[in-house]
Amino acid sequence: MFDLSWVRRHLAAVRALLVFTVVLGVAYPLAVFAVAQLPGLDGKAEGSLVTSGGRTVGSALIGQSFTDKDGNPLKQYFQSRPSNAGDGYDPTATSASNLGPEDIVDTLPDPKLVAAGKEDENAKQSLLTQVCERSKAVGELDGVSGARPFCAPSGVGAVLAVFGGRTADGDVPHPTRVVSLNEQEGVVKAPFVAAYKGVRVELARYGEDYATGLVVPVRGDAPADPAVPPDAVTASGSGLDPHISAAYARLQTARVAEARGVPPARVAELVRRHTGGRALGFMGEPAVNVLQLNIALDRRFPFRG
């Protein structure tokens, strides 16, 4: 006798497939789309786009750079924090540097390639040098000291390789040779410190292996609380953060005011009005959306340079 139970089971599966296809593949997406069109939600659903002068200039959720065609910061605008997403704030390549606090030694570039105007793909800046270089650049742009602990005045990490006999705890009490690892011969004229424990400090030479030396970061005499805030020298985890700290915004106020020819107090007031509170009232720190602040700046104090 022919058993129709397997037919009934397959028909039930087909009916379930059709029902869930309609519910989850059609009805649910349409319902979500309809809710997203409600007033107050439609802008966020469409990317929180920001318009100025009748054209879209960006998103309130994604940061962007305010630089010229050569990548130099425009003095009339507040600058965003650094970004490691692609070439900067690329939403298709969101990422962090994945470098940690122990990443303090650079891989130096081949001077022959540099002299030929080429880029050495094997060269790599440590996280420490990236922070030091950014701090130096921000300090020069905004007229403050860019000095920070463990940074050399040249804008690289202040790190030595110390050679000599080691004690049981790994120290080198009587060095025989000392090298400034991140300062390359031919690039800087002299190391950030002339001597270490009575031994003359040398500049690093491309191709030499310093792996057997004891790596010693040198704090220096920079203040514990640098003038350049942390978010000015470090990228966010996503590389897309559109905000900067209130401290970084205040640091830039005088420079922006001078570029636009207005009193600093008026720009400072605009910064205060665009400083948001903590998320949910208790998470994080007050922050400033750079794009929205710069748009307000153009409307209130147009740049006439």
Side-chain angles (χ1 to χ4, degrees), residues 40-41 43-44 46-53 55-67 73-85 88-89 91 94 96 131 134-135 137-146 148 223-305:
L41 297 179
K44 294 181 179 180
E46 293 175 2
S48 298
L49 300 179
V50 178
T51 59
S52 178
R55 64 188 184 91
T56 301
V57 295
S59 167
L61 302 177
I62 299 176
Q64 59 181 272
S65 300
F66 295 89
T67 56
L74 296 169
K75 292 186 176 182
Q76 68 269 29
Y77 286 113
F78 285 87
Q79 297 298 307
S80 306
R81 68 184 302 180
S83 170
N84 285 311
Y89 296 104
T94 174
V131 167
R134 291 165 180 166
S135 190
V138 170
E140 291 173 350
L141 177 66
D142 290 305
V144 299
S145 171
R148 59 193 321 113
D225 185 17
V228 178
D231 63 307
V233 298
T234 56
S236 66
S238 67
L240 305 178
D241 190 352
H243 299 91
I244 57 174
S245 66
Y248 188 24
R250 287 194 297 269
L251 177 67
Q252 302 183 65
T253 297
R255 183 248 306 159
V256 171
E258 181 180 3
R260 292 178 180 263
V262 297
R266 300 185 68 185
V267 177
E269 177 59 29
L270 198 63
V271 170
R272 282 192 291 271
R273 285 197 270 118
H274 282 81
T275 301
R278 302 172 189 269
L280 300 180
F282 68 93
M283 293 193 302
E285 296 293 333
V288 180
N289 188 292
V290 182
L291 174 61
Q292 293 176 340
L293 174 59
N294 281 335
I295 290 174
L297 197 63
D298 279 341
R299 290 172 179 168
R300 185 74 181 274
F301 311 114
F303 178 63
R304 305 187 188 283

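Keep in mind that the numbers below use all heavy atoms, side chains included, and drop hydrogens, waters and symmetry copies. Predicted model, so just to flag it, every value in this text is computed and none were measured.
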Salt bridge (Lys or Arg N to Asp or Glu O under 4.0 Å) contacts touching residues 238-259 (sequence neighbours left out): R81-D241, D142-R255

Partner residues of S80 under the side-chain hydrogen bond (donor to acceptor under 3.5 Å, both in side chains) criterion, sequence neighbours left out: none

Residue pairs fulfilling side-chain hydrogen bond (donor to acceptor under 3.5 Å, both in side chains) with at least one residue in residues 293-303, sequence neighbours excluded: Y77-D298, R260-D298

By salt bridge (charged side-chain N to carboxylate O under 4.0 Å, His left out) - contacts of R55 (at least two apart): none

Pairs touching residues 279-288 that satisfy salt bridge (Lys or Arg N to Asp or Glu O under 4.0 Å), sequence neighbours left out: R278-E285

Pairing residues for A287 by the side-chain contact (heavy atoms from CB on, under 4.5 Å) criterion, not counting sequence neighbours: H243

By side-chain hydrogen bond (donor to acceptor under 3.5 Å, both in side chains) - contacts of N84 (at least two apart): none

Considering all heavy atoms, the nearest V290-F78 contact: CG1-O, 3.4 Å

Residues forming a side-chain contact (heavy atoms from CB on, under 4.5 Å) with T94, sequence neighbours excluded: S238, L240

Residue pair L293 / I244, side-chain heavy-atom distance below 4.5 Å: no

Set of residues satisfying side-chain contact (heavy atoms from CB on, under 4.5 Å) with respect to P263, sequence neighbours excluded: R266

Closest heavy-atom pair and its distance - V288, A249: CG2-CB, 4.1 Å

Residues which pass side-chain contact (heavy atoms from CB on, under 4.5 Å) with A296, listed by chain and number, not counting sequence neighbours: L270, H274

Set of residues satisfying side-chain hydrogen bond (donor to acceptor under 3.5 Å, both in side chains) with respect to S236, sequence neighbours excluded: none

